[in-house]
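One structure below.
As the structure lists them, so they are numbered: ligands from 1, and atoms in each ligand from 1.
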Amino acid sequence: MSVQFEEGTTLDRFLMDQLRDYPGATGQFVNLMQSIALAGKMISSRVNRVGLAGLLGSTGEVNVQGEFVQKLDRYANETFLRALEHRGHTCMVVSEEEGEVVLTPDKWHSGRYVVTVDPLDGSSNIDVNATIATIFGVYRRKSSEGGPAELADVLRPGRELVAAGYILYGSGTMLVLAIDRGVFGFSLDPTVGEFFLSHPSIVVPARGSIFSVNEGYAAEWGPGITRYVQSLKAPGTKYTARYIGSLAADFHRNLLKGGVFLYPATTTSPRGKLRLLYEANPLAYIIEKAGGAATNGRTPILEIRPGSIHHRVPLVIGGVDEVREATEQMKDDFAF
Ligand code: AHM
Ligand code: MG
């Protein structure tokens with residue numbers, strides 16, 4: 001569907017315009033997105049001063065994933081939880097940094113939405129000033145309002161997401177939001193503190209010219225994924241390699257320019273590294289809304305039923321032709 005927007009459309013204005021199409025809407029979704037945008041602005045401000053704000057380096061703690069927690073990871077997680085807790089729109093949060101689900105303190109239990117979040121994706125890039133991001137997914141709760149949310153509200157296929165997005169902290173700060181009707185990019189003007197619509201209706205081509213994979217693990221790949229990556233490098237193909245090591249940043253480049261990102265299973269991580277709920281699913285929702293596809297090699301990412309909140313998956317995500325060809329090659333790789 002092609003939608004016309006006026007120049008200078010702010011995120012708030014855009015969200016209010018969407019509301020008109022949902023006559024029964026209570027405004028909770030708009031409030032939720034405003035809270036996410038506020039948290040994004042706060043994190044963006046810290047990221048821009050990270051070398052000065054005493055936020056470089058690790059806290060010395062290890063998170064539930066077994067990874068060292070960076071100070072900015074902790075700040076981003078706390079900022080997100082605070083932003084989502086007290087506005088009455090969110091009943092439950094699943095965060096990469098929290099071992100268990102977080103129920104928001106709402107004695108009326110009226111929040112309609114469940115949020116999954118990787119508060120700061122690409123932590124290894126914090127100390128080297130490379131692009132990092134927040135990734136989020138939004139479900140409408142299934143359990144009845146008036147009581148606490150349940151695990152079943154979040155252990156569901158990504159196909160049931162109602163929105164997903166990320167906030168990139170790069171050369172500029174950008175919020176990319178996918179909703180039912182498409183994918184939209186908003187750029188932060190830090191001088192006025194507003195996100196403005198800069199990328200209306202993002203669409204990804206069926207085939208691009210970039211592939212992004214950490215080839216340092218190539219010796220640990222299965223034969224199918226090895227064949228597929230070889231095929232991208234064969235003489236006469238137009239592919240070039242780009243890999244930052246920040247999922248959302250690698251994804252964003254490929255979303256805008258066309259290409260495929262792969263984080264396959266390895267012998268060390270036979271289930272893959274990336275997490276389904278707050279990394280793979282939100283990006284899979286975005287890519288499908290932009291016309292692309294995402295798979296674990298067998299099943300579309302959005303159809304996988306999570307076994308736990310920190311469920312990991314192999315991920316191949318990009319243009320539909322690329323994902324189809326990778327899937328054909330990966331048939332005989334790993335059992336997962
Ligand atoms: P993080 O959420 O702890 O930052 O880890 C996830 C990151 C992704 O952003 C990125 O795609 C991947 O890990 C890079 O991993 P590797 O260094 O193994 O290539
Ligand atoms: Mg991450």
Side-chain angles (χ1 to χ4, degrees), residues 43 46-47 50 55-80 93-99 115-137 164-170 174 176 210-221 225 229 241-255 259-284 286-287 294-296 301 309-318:
I43 296 167
R46 281 296 173 108
V47 167
V50 67
L55 277 173
L56 284 180
S58 160
T59 62
E61 296 154 346
V62 174
N63 70 8
V64 61
Q65 323 277 345
E67 299 156 351
F68 277 105
V69 178
Q70 303 297 305
K71 290 180 193 164
L72 205 57
D73 279 326
R74 187 161 69 187
Y75 175 79
N77 187 45
E78 288 171 358
T79 302
F80 247 83
V93 183
V94 168
S95 164
E96 179 183 325
E97 298 300 329
E98 302 285 335
V115 177
T116 65
V117 63
D118 180 352
L120 209 75
D121 179 59
S123 311
S124 68
N125 280 321
I126 295 171
D127 290 358
V128 295
N129 277 30
T131 299
I132 47 185
T134 299
I135 307 175
F136 61 90
Y166 52 84
I167 304 156
L168 269 192
Y169 313 108
M174 192 168 164
V176 172
I210 296 170
F211 74 96
S212 309
V213 64
N214 187 339
E215 290 203 86
Y217 305 134
E220 295 196 32
W221 293 344
I225 196 76
V229 174
R242 292 283 184 274
Y243 189 79
I244 298 172
S246 276
L247 171 64
D250 281 309
F251 174 87
H252 183 69
R253 181 198 48 243
N254 296 359
L255 179 71
V260 59
F261 173 94
L262 308 99
Y263 204 114
T266 60
T267 45
T268 309
S269 306
R271 292 181 180 277
K273 173 183 181 186
L274 299 173
R275 277 56 56 106
L276 179 60
L277 261 61
Y278 39 80
E279 292 178 323
N281 264 342
L283 300 189
I286 296 167
I287 204 86
T295 180
N296 66 1
I301 292 292
I309 59 171
H310 298 297
H311 186 130
R312 293 176 191 260
V313 282
L315 177 65
V316 177
I317 187 164

Winner among Ile135, Asp250, Ile132, Asp121 once heavy atoms are compared against atom 6 (C) of ligand 1 = Asp121

What part of [X], side chain, backbone, both or neither, has a heavy atom within less than 4.0 angstrom of ligand 1?
{"X": "Asn214", "value": "side chain"}
{"X": "Ser123", "value": "both"}
{"X": "Arg275", "value": "side chain"}

Is it true that a side-chain atom of Glu97 and a backbone atom of Asp73 form a donor plus acceptor pair closer than 3.5 Å?
->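 No: the side chain of Glu97 does not pair with the backbone of Asp73.
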
For Ile135, does its backbone N or O pair with a side-chain atom of Asp121 as donor and acceptor, under 3.5 Å?
->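 Looks like no, no N/O pair under 3.5 Å.
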
Which pair of non-hydrogen atoms, one from Ser246 and one from Asn125, has the smallest distance, and what is that distance?
-> OG-ND2, 2.9 Å

Heavy-atom closest pair, residues Asp250 and Gly245 = OD2-N, 3.0 Å

If the plane angle is over 60° it's perpendicular, under 30° parallel, otherwise tilted; pick one for Phe261 and Tyr243.
->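 Ring orientation of Phe261 relative to Tyr243: parallel.
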
State the atoms of ligand 1, each with its element, that fall below the 4.0 Å cut-off from a heavy-atom position in [X].
{"X": "Ser246", "result": "9 (O)"}
{"X": "Glu96", "result": "1 (P), 2 (O), 3 (O)"}
{"X": "Tyr243", "result": "14 (C), 15 (O), 16 (P), 19 (O)"}
{"X": "Glu279", "result": "2 (O), 6 (C)"}

Looking at ligand 1, does any of its N/O atoms fall within less than 3.5 Å of an N/O of Leu247?
->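 Such a contact does occur with ligand 1.
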
Spacing of Leu247 atom CG and Leu283 atom CG [to the nearest 0.5 Å] = 5.0 Å

